[in-house]
Amino acid sequence: MMKRCVLVTGGAGYIGSHTAVELVEAGYDVVLVDNLSNSDEQTIEGVRRITGIEIPFEQVDCCDREALEEVFKKYHFDAVIHFAASKAVYESIEKPLMYYRNNLGSLMTLLDLMRKYECANIVFSSSAVVYGDAEHLPVTEQSPRQAATSPYGNTKRMCEDILHDTIIAADGAMRAIALRYFNPFGAHPSALIGELPRGVPSNLVPYITQTAAGIRECLNIFGDDYDTPDGSCIRDYIDVVDLARAHVVAIGRMIEGRNKQNYEIFNVGTGRGVSVLELVQAFERVNNLKLNYRIAPRRAGDIIVSWADTTLANNELGWKATRTLDETLAAAWKWQQVLMSR
Ligand code: NAD
Ligand code: WQD
């Protein structure tokens, strides 16, 4: 049977690169598109080393219709996974127009070209951020989306609506799956690819690994006086390889016509909540080190508790997270040590 070809936009990025590896290992041909605005070509070399395949890479901005159309002319895509976006919550508050232009513009340009070149299937990178501070836990796909607390969060909600309306208008000619990621973390076990945070990380796990590496002097734990068992915030941390595999399952679901609606949404998490203090203590134990941290004031806007109800992804999508917290924290530290040797 002819190999199916998947376009991975943002393919040089953290989740896109890990997904490219899983797609190749699942037998797909893959083409990476990225403008390298938040990544570099070393990641692409890492993907090529892991897979042993010279995966095609096109350095293109997805907002540049002419350039992206050249990619659609060059390859025949059976599906697209759209990772390309700007994703820093705090940066989006300072640069809202850049976020709206990039995140909405890249999706709309892509959808236009998918219609023109009759590529029917798209998986979209959404985020649990669309749920805001959910009233009921665990969060299901039916939990109401709430007004975003950042332009970034707004772009995710608006992109979901753009996608939904486009799929409805396509009247069966297109199918989409939006995957709402909870908190991705970790790195590929090979330590050839992983997260490449630029500047001071705002996310917990890269800040932990950089503190352990001595790059950061001390981890600030933003509050231990919340109404949780140990007083620190709780999240659903999903291993990046498990997350990548959810995309492979989603692509297969649509290409093989197993989707039940033309627009489907799935939460992608572990279904377990882990507190900041629990994660820090696990990191120290697994990696046999002492982390320098202190309790700092709460971070404004932080959600106190969030974790996913993964019933739909487990039962309907047929996907389940399998990697343990310990495995992922060991992989995260191994990756940080590779970065230090670069
Ligand atoms: P990332 O920044 O590592 O990857 C995004 C990639 O897209 C980068 O390589 C960047 O250079 C590229 N890119 C950005 N704008 C582009 C454009 N206009 N054209 C071409 N390439 C472009 O981020 P990530 O963590 O891998 O996130 C991937 C997707 O998942 C994003 O859409 C993000 O919003 C979403 N997401 C991420 C998280 C998370 O915590 N990492 C959580 C939920 C959702
Ligand atoms: C997790 C917990 C912090 C850093 C973010 C984005 C969201 C999504 C996932 C894209 C919180 C605590 C953190 C630190 C700390 N990305 N923390 N010290 O805020 O759940 O979500 O990433 O879609 O959009 O908002 O993740 O890693 O920033 O924080 O104590 O130095 O760790 O207070 O409780 P968050 P996070």
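In each ligand, atom 1 is the first atom listed, and ligand 1 is the first ligand listed.
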Is any side-chain heavy atom of I122 closer than 4.5 Å to one of R175?
no
Below the 3.5 angstrom mark, is there an N/O of [X], backbone or side chain, next to an N/O of ligand 2?
{"X": "F222", "value": "yes"}
{"X": "C233", "value": "no"}
{"X": "Y207", "value": "no"}
{"X": "D302", "value": "yes"}

Is it the case that the ring center of H247 lies less than 6.0 angstrom away from the ring center of F83?
yes
Measure the distances from the heavy atoms of Y293 to every atom of ligand 2 and state whether one is below 4.0 angstrom.
no
Answer yes or no for Y152: is there a heavy-atom contact with ligand 2 below 4.0 Å?
yes
If we only count N/O pairs under 3.5 Å, is [X] in contact with ligand 1?
{"X": "N35", "result": "yes"}
{"X": "A12", "result": "no"}
{"X": "N203", "result": "no"}
{"X": "H82", "result": "no"}

Among K87, K156, Q59, which one has a heavy atom closest to atom 32 (O) of ligand 1?
K156
Considering only the protein, which heavy-atom contact is closest to atom 36 (P) of ligand 2, and what is its distance?
N203 ND2, 3.5 Å
Nearest protein heavy atom with distance in Å, relative to atom 9 (C) of ligand 2:
N183 ND2, 3.9 Å
Under a plain distance cut-off of 3.5 Å, with no hydrogens placed, do R180 and Y131 share a side-chain donor-acceptor pair?
yes
How long is the gap from CG on L312 to CG on N315, to the nearest 0.5 Å?
8.0 Å
Electrostatic pair R48-E45, nearest N-O below 4.0 angstrom
yes
Answer yes or no: are there more than 12 heavy-atom neighbours, outside N288 itself, under 6.0 Å from its atom CG?
no
